[in-house]
Amino acid sequence: MFQALHDAKLVWLFGGVLFLLLVSTVIGKILKSRHRADASRTTIENLNARIRAWWKMCAIFAAAILIGRVGSLILFGIISFLAMREYITLVPTRRSDHRTLFWSFFVIMPLQYYLIGIQWYGLFAIMIPVAACIFIPPSMAVAGDTEHFLERASKLQFGIMVCVYSLSYAPALLLLKIPGFEGHDARLLLYLVIVDQMSDVLQYVWGKLIGKSKIAWRVSPNKTWEGFVGGVLSATALGTALWWATPFTPLQSAGMSLIICIVGFSGGLVMSAIKRDIGIKDFGVVIEGHGGILDRIDSLCFAAPIFFHLVRYYFVP
Amino acid sequence: MNNGIHPFANLLAAVARGISGVQVQWAGCEPDERQRIYFANHSSHLDFIVLWSALPPEIRARTRPIAAKDYWEETPLRRYLTQNVFRAVLLDRGAQARPKHPEEPHFVGRHLIDEMVGALGTENSLIFFPEGTRGSGEKMGPFRSGLYHLALKRPDVELVPAYLENLNRILPKGEFVPVPMLSLLTFGKPLRVEQGEAKETFLERAREAVAGLRRIGAA
């Protein structure tokens with residue numbers, strides 16, 4: 001426990017995050033005092049609410065990293081649980097899916113994180129895509145309800161792949177054994193999360209500042225080409241500048257960051273499309289009070305497995 | 001004991017809130033210590049406990065559920081839960097409550113009403129599921145007449161409609177293990193029996209007051 005504190009570069013990374021939070025809090029306060037009564041007020045209030053949420057999320061994340069590998073596993077396990085719960089709430093299921101859902105929540109999900117905990121890479125990598133995805137359809141068929149059968153089975157498979165399998169790749173970074181980087185794997189996880197989340201934030205900021213041409217208006221009216229290019233480029237620049245905390249050279253770090261940003265963006269786009277398909281108007285109520293975990297981590301779910309396998313392929317002998 | 005609430009009751013309420021991730025909205029009234037009858041749709045064993053846990057502790061301590069005697073006295077665990085933990089008012093919906101005439105399908109014996117009036121006393125509130133039994137959650141069943149008779153006997157008690165959403169997906173009838181999902185609980189505007197209002201008219205109005213609180217899938 002608290003090994004993280006002995007890793008100077010990790011402490012620097014956290015210091016950087018803290019600095020960013022302080023700067024954005026000050027900017028939020030200044031904006032608030034300047035625009036007391038005009039139309040941009042709701043945007044600024046929303047911005048300040050987001051900043052407050054970031055403080056909390058960073059504090060929780062820092063605590064998990066401090067505790068060590070178990071802390072990260074528990075944190076991501078809980079996030080998976082909350083995300084899956086949100087997903088299943090939104091996706092129509094039927095009464096007959098109850099048992100299968102129970103297995104998914106209480107057996108498959110904990111097992112996935114347990115396998116990472118005991119560092120069984122071989123099984124961790126195939127348990128859900130092979131075993132769970134083969135288990136789900138017959139388990140639903142046994143319940144005897146054929147209405148929308150393929151749809152129901154596929155929706156559960158997709159949900160468990162995104163919310164559990166893909167997301168679990170983030171803490172799984174801690175079991176990669178990179179020569180010359182032993183004991184510093186927490187930095188790799190932090191690097192992924194910083195680049196991925198900053199890409200989201202910077203896309204939002206660039207979009208608000210200069211965003212005009214929509215990428216896919218029907219899917220997400222907030223995603224613009226200006227926001228996308230500006231966000232991806234600046235987050236990639238940030239990732240490149242963080243090369244010292246990773247096993248990468250600056251150029252490698254630039255490549256990794258670019259991939260994280262682009263894949264992460266695609267994840268956000270896919271999850272937006274799903275929400276529109278389900279009918280976000282109705283489910284907005286549910287998500288409002290609960291913060292919408294899935295909205296926050298959609299990009300991470302897509303970026304984590306790609307990042308993991310790139311690192312594993314190129315840096316783990 | 002805290003406020004006279006059984007410690008298990010508080011524990012179970014916390015667990016139910018955790019599993020159901022319930023978001024509570026007081027849309028038509030505010031939490032109040034006055035005597036009330038909360039009536040809601042019924043599709044899950046979680047219904048009562050979630051509704052009960054949504055009330056502030058001081059109100060919770062004086063709010064009792066109405067439960068079916070035949071079901072809740074069947075096993076020692078159920079008996080313990082209803083009698084010791086939640087101080088439920090157990091009513092026999094069996095033989096005596098069977099319709100005596102086919103044109104009166106939801107007749108509830110007079111003594112059942114008296115028992116409920118007795119349970120209200122001078123300071124208690126009740127949680128009541130007028131459908132009488134758990135439904136599938138898709139469509140509410142017709143309301144039994146108990147609510148009407150009770151309202152006539154105690155016009156001073158407020159009738160608060162509530163709609164519980166998604167709990168049938170979390171723990172449907174016939175299942176023993178819950179699946180975690182988010183749920184919604186909406187309290188509506190209190191209603192009363194109007195001067196000279198017919199039983200059927202009132203029960204239909206009460207049913208619509210509950211159904212109208214539905215948030216997901218509503219227009």
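Chain naming here is simple, since letters A, B, ... match the order of the sequence lines and numbering starts at 1 in each.
- Residues passing the salt bridge (charged side-chain N to carboxylate O under 4.0 Å, His left out) test with B:Arg207, sequence neighbours excluded: B:Glu204.
- What you find for A:Arg85 and B:Ile19 is that their closest heavy atoms are NH1-O, 3.9 Å.
- Rounded to the nearest 0.5 Å, atoms CZ (A:Arg94) and OG (B:Ser136) are 10.5 Å apart.
- A:Leu90 CG to B:Met181 CE: the interatomic distance, rounded to the nearest 0.5 Å, is 10.5 Å.
- Contact of A:Tyr87 with chain B is not made at all, since no heavy-atom distance falls under 4.5 Å.
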Table please: side-chain donor-acceptor pairs of residues 49-68 of chain A below 3.5 Å, with sequence neighbours left out.
unit_1, atom_1, unit_2, atom_2, d
A:Arg50, NE, A:Asn46, OD1, 3.0
A:Trp55, NE1, A:Thr25, OG1, 2.8

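- In B:Arg79, the CZ atom is crowded: over 12 heavy atoms of neighbouring residues, nucleotides or ligands sit closer than 6.0 Å.
- Pairing each heavy atom of B:Leu182 with each of A:Glu86, the nearest pair is CD1-CG, 4.1 Å.
- Listed in order of number, the residues of residues 141-157 of chain A that approach chain B to under 4.5 Å between heavy atoms amount to none.
- Residues A:Arg95 and B:Arg169 fail the side-chain proximity criterion, which asks for heavy atoms closer than 4.5 Å.
- Taking 4.5 Å as the heavy-atom cut-off, the residues of residues 97-120 of chain A that approach chain B are A:His98, A:Arg99, A:Leu101, A:Phe102, A:Phe105, A:Phe106, ordered by number.
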